> 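There's a structure below that I have some questions on.
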Amino acid sequence: MSSTEADPNPADIAVRETEEKARKAAEDAEQANLPYKWTQTIRDVDVTIPVPGNIKGRDLDVVLTKTKIKVAIRGQEAFIEGDLAHPIKVDESSWTLETTSHPPGKEVSVHLDKVNQVEWWAHVVTSAPKIDVSKITPENSKLSDLDGETRAMVEKMMYDQRQKEMGGPTSDEQRKMDILKKFQAEHPEMDFSNAKLG
């Protein structure tokens, strides 16, 4: 492969960055037009919906099932309603009506606990516009939040990535080299000069 194929030229990079900015701006505009705001971590999704300050909890029609959501003021069109992008743990999910200070009003806060806690949601309900989940940077997820097996897998992937960047062996390659060294030490009579790890 020639070096021109491997390294994109500055014009290609500029075009790609411009396209990415336009895609992000369109995505942000779609999300801003929704009657709610939402955020997520790898484990849960939080939805906030501004409502008039005179609304009481009994005025709301909120339904949370494993696969559906509805939040509305009784007798009015729903703020959000439809099939969830992915299933939730109903017993761990909840909603509250809170007073806000900007401007004095209220908001419905909905907390959804994901069943699958290793995937990002592209949207809350399937009828809503999607976000590009490949662009999510999980800055607020901590390794300590993960269960043991998932944490070990993520730590191994992070180690292997750092090793590749520095030109060093991955954990699997290191393990093979250690096994070969041990075998060489146990069998000094054998010639390993042409041995290759594969």
Side-chain angles (χ1 to χ4, degrees), residues 19-158:
E19 288 171 352
E20 177 59 23
K21 282 182 184 156
R23 184 205 60 77
K24 181 71 175 132
E27 183 180 281
D28 290 347
E30 284 179 336
Q31 295 298 311
N33 285 332
L34 295 172
Y36 56 88
K37 300 275 179 258
W38 68 287
T39 58
Q40 67 179 316
T41 67
I42 199 72
R43 297 177 164 273
D44 51 40
V45 173
D46 289 299
V47 181
T48 53
I49 304 159
V51 294
N54 62 346
I55 295 295
K56 305 241 185 294
R58 66 177 175 267
D59 301 325
L60 295 170
D61 180 11
V62 180
V63 178
L64 298 176
T65 70
K66 186 173 185 173
T67 58
K68 293 188 182 304
I69 184 173
K70 177 183 180 184
V71 179
I73 295 173
R74 293 193 188 282
Q76 296 183 25
E77 188 178 328
F79 297 105
I80 182 171
E81 180 175 20
D83 294 324
L84 291 166
H86 301 281
I88 61 165
K89 298 177 188 171
V90 179
D91 292 345
E92 303 295 322
S93 300
S94 61
W95 68 274
T96 56
L97 179 62
E98 300 168 4
T99 302
T100 62
S101 57
H102 48 270
K106 292 187 178 176
E107 69 182 15
V108 179
S109 241
V110 183
H111 175 80
L112 306 173
D113 217 44
K114 298 177 180 178
V115 167
N116 182 348
Q117 297 190 333
V118 293
E119 73 182 336
W120 296 106
W121 288 19
H123 43 197
V124 181
V125 288
T126 55
S127 58
K130 291 183 176 185
I131 61 166
D132 184 351
V133 295
S134 69
K135 305 293 183 205
I136 293 176
T137 51
E139 58 222 339
N140 55 0
S141 296
K142 297 184 207 74
L143 280 175
S144 58
D145 293 342
L146 303 173
D147 64 72
E149 189 178 324
T150 306
R151 179 178 177 167
M153 180 180 69
V154 170
E155 285 175 337
K156 179 181 180 301
M157 288 165 54
M158 290 167 62

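Quick caveat, the model's predicted, so the values are computed rather than measured. In what follows, residues are counted from 1 in the order of the sequence shown.
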> To the nearest 0.5 Å, what is the distance between CG on Asp91 and CG on Leu64?
11.5 Å

> Ignoring hydrogens and geometry, is there a side-chain-to-backbone donor-acceptor pair from Lys114 to Thr41 under 3.5 Å?
yes

> Quick one: pull up NE2 in His111 and CD1 in Ile88 and give me the separation to the nearest 0.5 Å.
9.5 Å

> Rounded to the nearest 0.5 Å, what separates atom NE2 in His123 from atom NZ in Lys130?
5.0 Å

> Between Asp59 (side chain) and Lys56 (backbone), is there a donor-acceptor pair under 3.5 Å?
yes

> Of the non-hydrogen atoms in Leu34 and Ala128, which two are nearest, and what is the gap between them?
CD2-CB, 4.4 Å

> Tell me, please, which residues at least two apart from Glu20 pass salt bridge (Lys or Arg N to Asp or Glu O under 4.0 Å).
Arg23, Lys135

> Quick check against the 3.5 Å criterion: does Gln40 have a side-chain atom that pairs as donor or acceptor with the backbone of Trp121?
yes

> Can you tell me how far the CH2 atom of Trp38 sits from the CD1 atom of Ile131, to the nearest 0.5 Å?
4.0 Å

> Are Ile42 and Trp120 side-chain neighbours, meaning at least one heavy-atom pair lies under 4.5 Å?
yes

> Return yes if some donor-acceptor pair links the side-chain N/O of Gln31 with the main-chain N/O of Pro129 below 3.5 Å, else return no.
yes

> Indicate the atoms forming the closest heavy-atom contact of Thr48 with Ser109, along with that distance.
CG2-OG, 3.7 Å

> Anything under 3.5 Å between a donor and an acceptor, one on a side chain of residues 69-86, the other on a protein residue two or more places apart or in another chain? List them.
| unit_1 | atom_1 | unit_2 | atom_2 | d |
| --- | --- | --- | --- | --- |
| Lys70 | NZ | Asp61 | OD2 | 2.9 |
| Arg74 | NE | Arg58 | O | 3.1 |
| Arg74 | NH2 | Leu60 | O | 3.2 |
| Asp83 | OD1 | Lys68 | NZ | 2.4 |
| His86 | ND1 | Glu119 | OE2 | 3.2 |

